[in-house]
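First the proteins, then the strands, lettered A, B, ... as listed; each starts at 1.
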Number of protein chains: 2
Amino acid sequence: MQTTQAVAAGQDICSGPPPRHPRPDGQDRYTISEVVAFTGLTAHTLRWYERIGLMPHVDRSHTGQRRYTNRDLDWLVFVTKLRLTGMPVADMVRYAELVRQGESTYDERRELLESTRRDVLARIHELRDTLAVLDLKIGFYATEGTTR
Amino acid sequence: MQTTQAVAAGQDICSGPPPRHPRPDGQDRYTISEVVAFTGLTAHTLRWYERIGLMPHVDRSHTGQRRYTNRDLDWLVFVTKLRLTGMPVADMVRYAELVRQGESTYDERRELLESTRRDVLARIHELRDTLAVLDLKIGFYATEGTTR
DNA sequence: CGCTTGCTTGGAGTGCGCTCGAAGGTCATA
DNA sequence: TATGACCTTCGAGCGCACTCCAAGCAAGCG
């Protein structure tokens with residue numbers, strides 16, 4: 001019940017394409033250390049993400065310990081992808097806020113993602129240029145360097 | 001005399017492929033503000049690069065002001081390319097040291113560049129994955145978002 | 001001459017994204 | 001029931017890459 005319909009209802013956390021859920025085990029309540037193992041983030045970072053508003057409200061056990069859902073994991077995977085595009089954490093927090101505000105923010109969210117998409121493309125082109133420069137230099141070392 | 005022969009002699013700053021020199025004007029002694037205009041770096045950053053050993057020795061005017069050469073500009077362009085691959089400044093300082101040590105470090109320099117090259121390639125692949133994720137999400141907003 | 005502009009230095013400050021520590025509560029196992 | 005692993009909060013600290021500041025020197029100009 002947390003996949004396609006909920007996504008279509010626009011009230012969930014991720015609001016993206018329905019991601020395949022099957023996780024390490026078949027559950028839907030993970031401790032912080034399980035999430036650490038799954039995402040590669042540290043427990044400190046996970047708590048910090050929550051403090052700064054980058055996570056939706058994470059459920060708690062009756063004693064106050066965090067219990068992450070599969071949806072939380074999906075969100076973390078997405079956030080991690082955004083992070084390595086170089087997107088500032090503040091922008092991701094903004095996106096998270098939009099998601100919390102519901103489907104009235106669809107347009108703004110799409111614009112944010114499209115602008116991110118443009119950034120990523122530009123970044124790829126930059127990196128390709130750099131690759132060309134590196135290849136030139138490496139080529140130099142392969143000839144001048146070896147036949148010296 | 002600072003182009004091809006010097007490069008082939010392996011004692012210059014860049015030791016890469018001979019870059020075309022023609023610069024904003026036809027000179028070879030630029031003030032820091034000219035270099036700012038050309039590279040987009042700030043004067044603060046240029047001085048800081050020098051302090052940490054990322055620049056070869058920059059020449060001075062008779063009154064102690066910096067005078068950058070075309071070779072210095074080439075180096076800065078290269079450094080800027082390396083920077084946006086995400087290479088740490090400390091690693092670039094290491095490379096600069098190798099260049100200063102002369103042609104006996106060709107092998108190590110080549111290895112460093114090849115390892116950087118691998119990093120850049122991996123980075124490009126990551127970004128392409130992220131692009132795919134973004135496209136999926138944007139696609140969702142384009143359909144669910146508009147036909148809501 | 002005084003003023004402005006541009007440069008010099010060393011050291012201190014900033015913003016980001018974590019990262020760690022202290023002090024204490026909870027849980028599973030023997 | 002006791003031990004040890006794991007969890008909680010809040011606040012402070014860290015590493016990186018700049019970024020800025022204060023104090024002062026030099027050159028050009030009306």
Side-chain angles (χ1 to χ4, degrees), chain A residues 24-25 27 29-55 57-69 72 75-76 78-96 116 119 123 126 130, chain B residues 24-25 27 29-55 57-69 72 75-76 78-96 116 119 123 126 130:
Chain A
D25 48 5
Q27 284 221 135
R29 284 174 73 79
Y30 306 92
T31 65
I32 201 166
S33 59
E34 286 170 320
V35 177
V36 164
F38 184 68
T39 61
L41 298 165
T42 71
H44 283 302
T45 301
L46 286 169
R47 294 193 199 103
W48 180 68
Y49 277 4
E50 204 175 324
R51 262 195 285 183
I52 63 173
L54 186 50
M55 284 301 290
H57 190 78
V58 174
D59 201 18
R60 303 290 151 126
S61 74
H62 69 107
T63 55
Q65 294 189 198
R66 287 171 180 76
R67 291 295 179 265
Y68 291 82
T69 64
D72 294 330
W75 173 251
L76 283 169
F78 178 55
V79 156
T80 300
K81 281 242 172 277
L82 286 189
R83 276 296 297 120
L84 51 82
T85 68
M87 188 187 223
V89 165
D91 289 3
M92 303 194 309
V93 170
R94 171 82 188 126
Y95 184 79
T116 303
D119 293 348
R123 197 94 188 70
E126 276 178 354
T130 304
Chain B
D25 49 5
Q27 284 221 137
R29 284 173 74 80
Y30 307 92
T31 65
I32 200 165
S33 59
E34 287 170 319
V35 177
V36 164
F38 184 67
T39 62
L41 297 165
T42 71
H44 284 304
T45 303
L46 287 169
R47 294 193 199 102
W48 180 69
Y49 276 4
E50 205 176 324
R51 261 196 285 183
I52 63 172
L54 186 50
M55 285 299 291
H57 191 78
V58 174
D59 200 18
R60 303 292 151 126
S61 75
H62 69 108
T63 55
Q65 295 190 198
R66 286 170 182 79
R67 291 295 180 265
Y68 291 83
T69 63
D72 293 331
W75 174 252
L76 283 169
F78 177 56
V79 155
T80 300
K81 282 243 171 276
L82 285 189
R83 277 295 299 119
L84 52 80
T85 68
M87 188 187 225
V89 165
D91 289 4
M92 302 193 311
V93 170
R94 172 79 188 127
Y95 185 79
T116 303
D119 293 348
R123 195 95 190 71
E126 276 179 354
T130 304

Revision key, fill the gap. In A:T42, A:T45, A:L46, the residue satisfying side chain to side chain contact (heavy atoms under 4.5 Å, CB included) with A:V36 is A:L46
Check your understanding: What are the two closest heavy atoms between A:L54 and A:W75, and how far apart are they?
Key -> O-NE1, 2.7 Å
Exercise for review: Could you check how far CZ of B:R60 sits from C1' of D:dA27, rounded to whole Å?
Suggested key: 18 Å
Study note, to complete from the structure: In whole angstroms, the gap separating P of D:dC21 from CH2 of B:W48 amounts to 18 Å
**Study point:** Nearest heavy atoms of A:A96 and A:G53, plus distance in Å
**Key:** CB-O, 3.7 Å
Review point. Which whole-number value in Å describes the distance from B:I52 CD1 to D:dC16 C1'?
Key: 11 Å
Review point. Base, sugar-phosphate alone, or nothing: which one does B:R67 contact when heavy atoms must sit under 4.0 Å apart?
Key: nothing
Practice item. Grab the NE2-P distance between B:H62 and C:dC7 for me, whole Å please. Key: 14 Å
Point to revise | Value in whole Å for how far the P atom of D:dA5 lies from CD of A:E34 | key: 18 Å
Practice item. Could you check whether A:R66 gets within reach of a base, just the sugar-phosphate, or nothing at all, counting any heavy atom under 4.0 Å? Key: sugar-phosphate
Check your understanding: Where the side chain of B:H44 is concerned, which of D:dT19, C:dT8, D:dA27 is the nearest nucleotide?
Key -> D:dT19
Exercise for review: Over all heavy atoms of both residues, which pair between B:M87 and B:T116 is shortest? Give the atoms and the distance, please.
Suggested key: CE-OG1, 3.3 Å
Exercise for review: Answer with yes or no whether B:R51 presents, from its side chain, a donor or acceptor under 3.5 Å of a partner atom in the base of C:dG11.
Suggested key: yes
Point to revise | A:E126/A:R123 ion pair, N-O < 4.0 Å | key: yes
Exercise for review: Quick one: label B:R83 by what it contacts on the DNA or RNA (base, sugar-phosphate, nothing), any heavy atom closer than 4.0 Å.
Suggested key: sugar-phosphate
Review point. What is the distance from CG of A:L46 to P of D:dC10, rounded to the nearest Å?
Key: 17 Å
Check your understanding: Reckon A:T63 has a side-chain N or O less than 4.0 Å from the OP1 or OP2 of C:dG25?
Key -> no
Check your understanding: According to a strict under-4.0 Å criterion, is B:Y49 in side-chain N/O contact with OP1 or OP2 of D:dC18?
Key -> yes
Exercise for review: Report the distance from atom CZ of B:R29 to atom P of C:dC7, rounded to the nearest whole Å.
Suggested key: 14 Å
Review point. For A:T31, does its backbone N or O pair with a side-chain atom of A:E34 as donor and acceptor, under 3.5 Å?
Key: yes
Review point. What residues form a side-chain hydrogen bond (donor to acceptor under 3.5 Å, both in side chains) with A:R51, not counting sequence neighbours?
Key: none
Check your understanding: What is the distance from CG of B:L54 to C1' of D:dC16, rounded to the nearest Å?
Key -> 14 Å
Point to revise | Whichever of A:M92 and B:R47 has its nearest DNA chain C nucleotide further upstream toward 5' | key: B:R47
Polar atom pairs between nucleotides 2-6 of chain C and protein, under 3.5 Å, N or O only, would you list them?
none

